[in-house]
Amino acid sequence: MRTRAAVAAVSGALVLSALAVPVSHAADSRQDSAELARSIESSFRDRVATASSAAPKGALAGTAATAGTAAKTVKAADTAPKVTKVVVNGGKPVVLGATGSKKVSVSYTVSHASGIYWTLSYLWTGGAKLDSITNIILPEEDEPVCKAVSATTSNCTYTAKAEARYLFNNEAKNWNVATYVVANSADSAEKEKAGTVKFQRASQLTVTATPKPVKKGKTLTVTGKLSRANWETGKNAGYAGQPVKLQFRKKGSSAYTTIKTVKGSSTGTLKTTTTKTTAEGYWRWSFAGTASTPAVSAPSTLVKIKK
């Protein structure tokens, strides 16, 4: 396996202040990746303790006046801070190709009777609970940017950079949003799964039709290939054994009709023949997608009818 970074985004001031290991640390195995992810997660818990002991001496950027006043005038309720309205990537899956990266936006609302002093959040994946974390994606900012909407509530946002080279193929699944919140009263809360977002391996689909043109009612051969990103090799690879629809759209029409469904080979290749060549039009393959791979349709190819 090629050398891989240990976590999905070990960069920025956040990690420099949170990690006891060098940012340049590299992992060659899933075990190394999981160990460093757990180390980062543990360091965040330490930051929660530090923030709790410091509250209410400061407040989130831009909220010092409101939150500070709230700390003096509002008696804190004996309840933990609340996290609501978590939205990741605009509510859409995070789709990554074999290489490259994507900026992922995260927003959430935090509230407490005493006002909000500090918060932190990140994306993670692994087992059912945080103690089985195997990979992590950190905010690009040191901390989320929060704006007070009242003396008790703040809306927080941050951006995380997801990079294909730091992901394993089996991590194309739901990731979790972890949040830590400290109120001005020093009450704190940790939410392992405040929200979720689906990660998917980008898909590609091609189509070729022969002969061109084709005689009316004669056999047309349509081929193609379904592939998807392989994050571990940095290349695209055939997506084996998937059902793919062969579709036709008559020239001048806007709607496609499914002619048949073909199952791809062990390398993702597709091949079929049809004699339904009665009109000039466009042919394509269309894949409905799976949990780990998004839907995709090949760019259509025009086939004219020979008279």
Side-chain angles (χ1 to χ4, degrees), residues 1-2 4 89-102 162-165 167-174 197-307:
M1 181 182 294
R2 65 195 172 109
R4 305 174 60 80
N89 200 41
K92 299 178 180 179
V94 177
V95 181
L96 282 168
T99 60
S101 62
K102 182 178 178 61
E163 297 187 66
R165 59 179 174 159
L167 301 177
F168 293 99
N169 290 331
N170 67 352
E171 291 172 346
K173 58 182 180 180
N174 281 339
V197 61
K198 181 181 291 184
F199 273 63
Q200 293 183 312
R201 297 159 62 180
S203 51
Q204 306 82 34
L205 191 52
T206 62
V207 64
T208 302
T210 56
K212 284 186 177 182
V214 63
K215 287 184 178 181
K216 186 175 182 178
K218 295 299 181 179
T219 300
L220 180 72
T221 300
V222 186
T223 59
K225 184 173 183 177
L226 174 64
S227 57
R228 61 175 176 169
N230 186 321
W231 294 332
E232 295 174 24
T233 64
K235 300 178 182 179
N236 294 324
Y239 195 5
Q242 297 300 311
V244 183
K245 294 178 180 179
L246 176 65
Q247 297 182 326
F248 174 74
R249 174 171 65 86
K250 188 176 180 179
K251 191 173 182 181
S253 172
S254 59
Y256 278 93
T257 299
T258 297
I259 305 301
K260 62 173 71 176
T261 299
V262 176
K263 190 174 182 179
S265 71
S266 60
T267 59
T269 58
L270 303 159
K271 184 176 181 179
T272 191
T273 59
T274 179
T275 56
K276 295 187 178 182
T277 51
T278 58
E280 182 173 309
Y282 299 88
W283 294 84
R284 73 176 187 181
W285 293 105
S286 185
F287 173 58
T290 60
S292 63
T293 309
V296 64
S297 293
S300 60
T301 183
L302 174 63
V303 177
K304 295 182 179 181
I305 300 297
K306 184 191 297 185
K307 296 180 180 179

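Everything quoted here is computed from the prediction, not taken from an experiment.
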Query raised in the report: Crowded around K304 NZ? As in, over 12 foreign heavy atoms under 6.0 Å?
Result: no
Report task. For residues V303 and A209, report the shortest heavy-atom separation together with the two atoms involved. Result -> CG2-CB, 3.7 Å
**Report entry** W231 versus Q200, closest heavy-atom pair with distance
**Finding:** CZ2-O, 3.3 Å
Report task. Specify the closest pair of heavy atoms between P243 and F287, including all atoms of both residues, with the distance to one decimal. Result -> O-CD1, 3.7 Å
**Report entry** Value rounded to 0.5 Å, distance of CG in N169 from CD in E232
**Finding:** 4.0 Å
**Report entry** Trace of the side chain to side chain contact (heavy atoms under 4.5 Å, CB included) decision for T301 with Y282
**Finding:** CA-CA 5 Å; T301 183; Y282 299 88; over 6 Å; no
Query raised in the report: If you take all heavy atoms of T277 and K215, which pair is closest and at what distance?
Result: OG1-O, 3.6 Å
Query raised in the report: Can you tell me how far the CG atom of L167 sits from the CG atom of N230, to the nearest 0.5 Å?
Result: 11.5 Å
Requested in this report: Only counting residues at least two apart or in another chain, list the ones meeting salt bridge (charged side-chain N to carboxylate O under 4.0 Å, His left out) with K235.
Outcome: none
Side-chain donor-acceptor pairs under 3.5 Å in residues 219-227, sequence neighbours left out?
from: S227; atom 1: OG; to: Q204; atom 2: OE1; distance (Å): 2.9

Please tabulate, one pair per line, all N/O donor-acceptor pairs under 3.5 Å involving side-chain atoms of residues 288-295, not counting sequence neighbours.
from: T290; atom 1: OG1; to: Y239; atom 2: OH; distance (Å): 3.0
from: T290; atom 1: OG1; to: T293; atom 2: N; distance (Å): 3.3
from: S292; atom 1: OG; to: R228; atom 2: NH1; distance (Å): 3.0
from: T293; atom 1: OG1; to: R228; atom 2: NH1; distance (Å): 2.8

Report task. Working to the nearest 0.5 Å, report the span between OH of Y256 and OG of S297. Result -> 8.0 Å
Query raised in the report: Which residues satisfy the side-chain contact (heavy atoms from CB on, under 4.5 Å) test with K92, sequence neighbours excluded?
Result: N89
Listed pairs under 3.5 Å, donor-acceptor, residues 261-275 side chains, sequence neighbours left out:
from: S265; atom 1: OG; to: T267; atom 2: N; distance (Å): 3.2
from: S265; atom 1: OG; to: T267; atom 2: OG1; distance (Å): 3.1
from: S265; atom 1: OG; to: G268; atom 2: N; distance (Å): 3.4
from: S265; atom 1: OG; to: T269; atom 2: N; distance (Å): 3.1
from: S265; atom 1: OG; to: T269; atom 2: OG1; distance (Å): 2.6
from: T272; atom 1: OG1; to: K260; atom 2: NZ; distance (Å): 2.9
from: T274; atom 1: OG1; to: K276; atom 2: N; distance (Å): 3.1

Query raised in the report: A98 and A164: which non-hydrogen atoms are nearest, and at how many Å?
Result: O-CB, 3.6 Å
Report summary line: Heavy atoms of R249 and A255 approach each other most closely as CG-O, 3.5 Å
**Report entry** Q242 (side chain) donor-acceptor with A240 (main chain) under 3.5 angstrom
**Finding:** yes
**Report entry** Check: Q247 main-chain N/O paired with R284 side-chain donor or acceptor under 3.5 Å
**Finding:** no
**Report entry** Contacts of F248 that satisfy side-chain contact (heavy atoms from CB on, under 4.5 Å) - sequence neighbours left out
**Finding:** K250, I259, W283
